2 protein chains.
Amino acid sequence: MAGLTINEAAVTTGWSPRMLRYVESAGLIEPQRSAAGYRLYGPEELQRLRTLRELLEGHGIGLGDVGFALRLRRDTDLRDAVEAWFEAEVTRPADIPDSAWLRWEQEKHQRLLAALSD
Amino acid sequence: MAGLTINEAAVTTGWSPRMLRYVESAGLIEPQRSAAGYRLYGPEELQRLRTLRELLEGHGIGLGDVGFALRLRRDTDLRDAVEAWFEAEVTRPADIPDSAWLRWEQEKHQRLLAALSD
DNA sequence: GCAACCTTGACACGATCGTGATAAGGTTTG
DNA sequence: CAAACCTTATCACGATCGTGTCAAGGTTGC
């Protein structure tokens, strides 16, 4: 067979077989499969499993975090949306000064309160 | 006061006051404070709270995810480490072919098993 | 052909997340 | 000065995460 089976991979990487399946379900490491469906871990997968462990422990992050980072780099829409949110400036007519804008918000608030107390 | 208080901000953004504090604890929106320590939400914070809601709902992600994205863009070490992991190629002496490498791994496995069964 | 592997699926359990509620105390305002 | 706000801290509770374990069944190898 052209690769280690899941138990062998577990021994050489330090992950449990259960976790190897879990890591796979997170889309992080997806080994080849034999004709019968057995997972076959090649050198690259084994190496990445080892460094994944270091990555998580070294920075106190979780599998879900790396999974999200993966989504970020695959889903352009998502990446752009997140990026846009971080960089968002106030997009509001420049001719309304903060003070007026706040006053309007506060009045809206009071209208809401008034409506509630009916 | 130069901004809305937490309950006013809650009404105009749709978040609960509890969640506004939670969002702050995630480092996502940190409003100014009055002298007495009251949170004061300005136009920018209010706008970002509204778009944050859209971001989460529009992409099925969570506050923790955005929090992690924030860590990614602030912590260069982390970003580089994650990036490096995604791009990692096998870093193993090129003169050892896969077949030999795998054989070595499998033998190590057998040595381990032998050691265990002592 | 049988022992030792592999598969998926499910149940379980502690830890953390997302969220509300409540308490004890300080601040603002009419 | 009292009502209505604000603060932090805590308890609670369902949902999800990380992980183990077990069951039912297919595959491999001596």
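All values reported here derive from a predicted model rather than from experimental measurement. Lettering of chains follows the sequences in order, A, B, ..., and the numbering in each one begins at 1.
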**Q.** Residue from B:L20, B:T5, B:T12, B:T13 passing side-chain contact (heavy atoms from CB on, under 4.5 Å) with B:Y41
**A.** B:L20
**Q.** Candidate nucleotides D:dG18, D:dT28, C:dT27, ranked by approach to the side chain of A:M19 - the nearest
**A.** D:dG18
Q. For the side chain of A:R39, counting heavy atoms from C-beta on, which of D:dT10, D:dT27, C:dT8 is nearest?
A. C:dT8
Q: Round to a whole Å and report the spacing from CZ of A:R21 to C1' of D:dG20.
A: 12 Å
(Q) Taking only side-chain N and O atoms of A:R33, does any of them lie within less than 4.0 angstrom of OP1 or OP2 on C:dT8? (A) yes
Q | For atom CG of A:L20 and atom C1' of D:dT19, their distance in whole Å | A | 12 Å
Q: Report the residue (B:G37 or A:A35) whose heavy-atom-nearest nucleotide on DNA chain D is the more 5′ of the two.
A: B:G37
Q: May I have the distance from B:L40 (atom CG) to C:dT28 (atom C1'), rounded to whole angstrom?
A: 12 Å
Q.
For D:dG20 and A:S16 - does any side-chain N or O of the residue sit under 4.0 Å from the phosphate oxygens OP1/OP2?
A. yes
Q: Verify side chain to side chain contact (heavy atoms under 4.5 Å, CB included) between A:W85 and B:L28, making sure each step is shown before the conclusion.
A: CA-CA 10 Å; A:W85 186 79; B:L28 266 29; 4.1 Å; yes
Q: Report yes if some heavy atom in the side chain of A:E45 is under 4.5 Å from a heavy atom in the side chain of A:R48; otherwise report no.
A: no
Q) Over how many whole Å does the gap from A:I6 atom CD1 to C:dA4 atom C1' extend? A) 15 Å
Q. More 5' along DNA chain D: A:D65 or A:A36, using each one's nearest nucleotide?
A. A:D65
(Q) By nearest atom, which of the nucleotides D:dG18, C:dC5, C:dT27 is closest to the A:Y22 side chain? (A) D:dG18
Q. Roughly how many Å is it from OH in B:Y38 to C1' in C:dT29, rounded to a whole number?
A. 10 Å
Q: Nearest whole angstrom, please: distance from the C1' of C:dG18 to the CZ of B:R53.
A: 13 Å
Q) Would you call B:R79-B:E83 a salt bridge at under 4.0 Å N-O? A) no
Q: Measure from CZ on B:F68 to P on C:dT16 and round the result to the nearest Å.
A: 18 Å
Q. Does A:R18 put a side-chain nitrogen or oxygen below 4.0 Å from OP1 or OP2 of C:dG9?
A. no
Q: Identify the two heavy atoms, one from B:L55 and one from A:A81, that lie closest to each other, and give their separation to 0.1 Å.
A: CD1-CB, 3.6 Å
**Q.** Distance, rounded to the nearest Å, where B:L56 contributes CG and C:dC17 contributes P
**A.** 16 Å
